[in-house]
Amino acid sequence: MTDPGAWGIAGSYRDAWERRHRIPAASRRAVLAAMRIEGDAAPPSPGAAVARPGQVLATPGEIVLEDGTELGRLAELPPDLPTGYHHLDGELLLVPPPRCHLPRGLRAWGWAVQLHAARSTLSWGHGDFADLATLGGTTAAQGGGFVTVSPTWAANPGAAIPEPSPYFPSSRRMHSPLYLRVEEVSGADTLGTDLVRLAAAGRALNGMPRIDRAAVAELKLRALRAIWHAADRPAVPEAFRIAIGPTLRRWATFAVLSEELGPRWRSWAADYRDPASGVVSRFAAGHAPRVAFHEWLQWQIDLQRAHAGARTRIINDLPIGADLEGFDAWDWQAQLADGATIGVPPDRFNAIGQDWGLPAFVPHLARASDHRAFVETVRAGLRHAGGLRIDHVLGLFRMWWVPAGAHPRDGAYVRYAVDELLAILAIESVRAGAVIVGEDLGTVPRGVRSRLAHANVLSTRLLYFERRSPAGYPRRALASITTHDLPTLAGMWSGTDLADQAAAGLAPDAAGLALLRSRIAAAAGVPETTDLPTVTLAAHRALAASPAALVAGTLEDAMQVERRPNIPGTVAPARENWSTALPRPIESLRDDRFVAHLAEVLQRS
């Protein structure tokens, strides 16, 4: 009988309370079936290797470099072998730099922004890449060195109501047109008074505290289609097409298919569910102008993203996965589990565990494809960026698989090829000159943080969670007070977050909020009766004095917003997550006295 352990399925694990749990045999068998393993199948050979220049090979073999250069049959790798994706006897040979990129002496502060919520007076009801450029300029003028940005990846095209969560995208390679500044799109000036009328309608949406994505999408896509047609359907430059690769056309084809057949590809006829089918190719050819329009949108997005990162380091956010019904799952379905999704077992933050409903990559299938999905995803995240934050970075080591229909606690951990994935991160990070930040919160296995630190992957340290003083934080870290999933300082300090939890249908966690309050007071060195502005400045001052390479303050805390962006485990209509705009236009950050004082406090010595 096939041994699940031979396929990377763990037999036990240690939970957040350091208790050892055996994983039930039924759970392991269900995960094995989701990997499409039948009978007494033997595990495949690793299929990839990580090596260093000058290394002696266990067995001599034919070496072909990434650029196609053939080195012949060698017993030892050349000492001047370039880093990259080479092949040894047809199998992937990863030759990475020693570590990810990390500038010597890096010590900076910056703002963390939910870009959809950061509207300016020129926005159309939704923050955009021009707003990000403005924020980058403001940050640089205040002495900051970076902006961390919420995911801007595309939601499922064709949906009447766009998915609000930036952490549940259709793709982690293509971006949403909702972030385009229409007036700055090539050819926008050809619309004349029509553009003036549409812009007025768009800016009227800024008066709503809630972001209406459906209204934003309707106005922006109407304007963008009009611009494209007025410019005589311009094609994307060949250089952009080469840079993005065949993924660009496949995405554009998927977008048109979604508009025609609906946004859930698993309900399509069988031939349309296969990206490589002749039916899909003929569909793309028969809808060539519409496919070209979606390619053009991505080019315009690329131009605006490049401009947004011109003034300061942009750190993009990479979600842990993508929608099962989205483009990435359609495009890479041969590498995904059939009958299991990913999540987490019960831990200190969720006593029953979580099933995120996101697809799981099957380790041996990902290896057999030379990790193309991971390479493309990381490369897309680093394009026009100075950094990448990897959500749930523990997934490089292992993932909690939840079999279909099972309770989240009845899953199993599956091990991943962490040596190979870290090698890819190092290659792409150094090529892009970009730092890597890992979100390593939750149940962290022993040795994981030291391994990430050795690879120059920055840890995430939150003042809310850390028992130690900021003075004891590691150097290789990004430190902040809170995240999008946790209470804002104002919501925590005033207690209004408890009412928000209750209104969302949850039992308010008064004890948890009291613990956060006591930790902030202790770290800030102030009594719990201190007023909010004072404690905000004191807490950020303590963060700024820490050894952490990067320190971030959220725009919600800068504007003293009580409502947090997201409460995990809640959905609309009980709570409209990811849909609350900041209370003031981002231009106000330049002249706001409290924000200026906070920026002074965040300056690093």
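Values in this document were obtained by computation on a predicted structure and should not be read as measured data. Numbers for residues simply follow the sequence, beginning at 1.
Side-chain atoms of Asp323 do not come within 3.5 Å of backbone N or O of Pro169 as any donor-acceptor pair. For the pair Ser150 (side chain) and Leu115 (backbone), a donor-acceptor distance under 3.5 Å is present. A donor-acceptor contact shorter than 3.5 Å is absent between the side chain of Ser480 and the backbone of Gly553. A distance-only check finds a donor-acceptor pair linking the side chain of Arg305 to the backbone of Arg383 [under 3.5 Å]. A donor-acceptor pair is defined here as one N or O able to donate and one able to accept, closer than 3.5 Å; such a pair exists between the side chain of Asn316 and the backbone of Gly381. A distance-only check finds a donor-acceptor pair linking the side chain of Arg604 to the backbone of Ser546 [under 3.5 Å]. Ser176 contributes no side-chain N or O that, together with a main-chain N or O of Ala155, makes up a donor-acceptor pair within less than 3.5 Å. With hydrogens and angles disregarded, no donor-acceptor distance shorter than 3.5 Å links the side chain of Arg389 to the backbone of Glu439. At least one donor-acceptor pair closer than 3.5 Å links the side chain of Arg415 to the backbone N or O of Gly5. Side chain of Tyr416 to backbone of Phe361: a donor-acceptor contact under 3.5 angstrom is found.
Taking each heavy atom of Pro97 and Thr83 in turn, the nearest pair found is N-CG2, 3.7 Å. The shortest non-hydrogen separation linking Leu92 to Tyr85 is CD1-CB, 4.2 Å. Across Arg99 and His454, no two heavy atoms sit closer than the pair NE-O, 2.9 Å. Contact between Trp400 and Arg409 at its shortest, heavy atoms only, is CZ2-O, 3.6 Å. In this structure, Pro359 and Leu324 approach most closely via the heavy-atom pair CB-CD2, 3.5 Å.
Residues Leu106 and Val435 form a side-chain contact, since some pair of their non-hydrogen atoms from C-beta on lies under 4.5 Å apart. Counting heavy atoms from C-beta on, the side chains of Glu420 and Phe374 never come closer than 4.5 Å. For the pair Val444 and Leu394, the minimum side-chain heavy-atom distance is below 4.5 Å. Side-chain contact between Arg519 and Leu463 is absent, with no heavy atoms from C-beta onward closer than 4.5 Å. Within the 4.5 Å cutoff, the side chain of Pro82 has no heavy atoms near those of the Val95 side chain. Proximity of Val344 to His392: side-chain heavy atoms (C-beta onward) are separated by under 4.5 Å at one or more points. Inter-residue side-chain proximity for Phe146 and Ile314 is flagged as unmet; no heavy-atom pair is nearer than 4.5 Å. In this structure, the side chains of Trp7 and Val414 stay at 4.5 Å or more apart for every pair of heavy atoms.
Glu556 and Thr488 are not linked by any side-chain donor-acceptor pair at a separation below 3.5 angstrom, with hydrogens and angles left out of the test. Residues Thr570 and Asn577 bring a donor and an acceptor atom of their side chains to less than 3.5 Å of each other. Side-chain atoms of Thr69 and Asp67 include a donor-acceptor pair closer than 3.5 Å. In this structure, a donor-acceptor pair under 3.5 Å is present between the side chains of Thr152 and His175.
Around CZ of Arg372, the count of heavy atoms belonging to other residues, nucleotides or ligands within 6.0 Å does not exceed 12. Within 6.0 Å of CZ in Arg22 there are 12 or fewer heavy atoms belonging to other residues, nucleotides or ligands.
Note that Arg173 lies outside the cation-pi zone of Trp153, set by a 6.0 Å cut-off to the ring centre and a 45° limit from the axis.
Here the straight-line distance linking atom CD of Glu376 with atom CD1 of Ile244 works out to 10.0 Å at 0.5 Å rounding. In this structure, Ser171 OG and Trp330 CH2 are separated by 11.5 Å, a value rounded to the nearest 0.5 Å.
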Trp111 and Trp109: ring pair (Phe, Tyr, Trp, His ring centres under 6.0 Å), yes or no, with the steps?
CA-CA 7 Å; Trp111 296 118; Trp109 73 270; 5.2 Å; yes
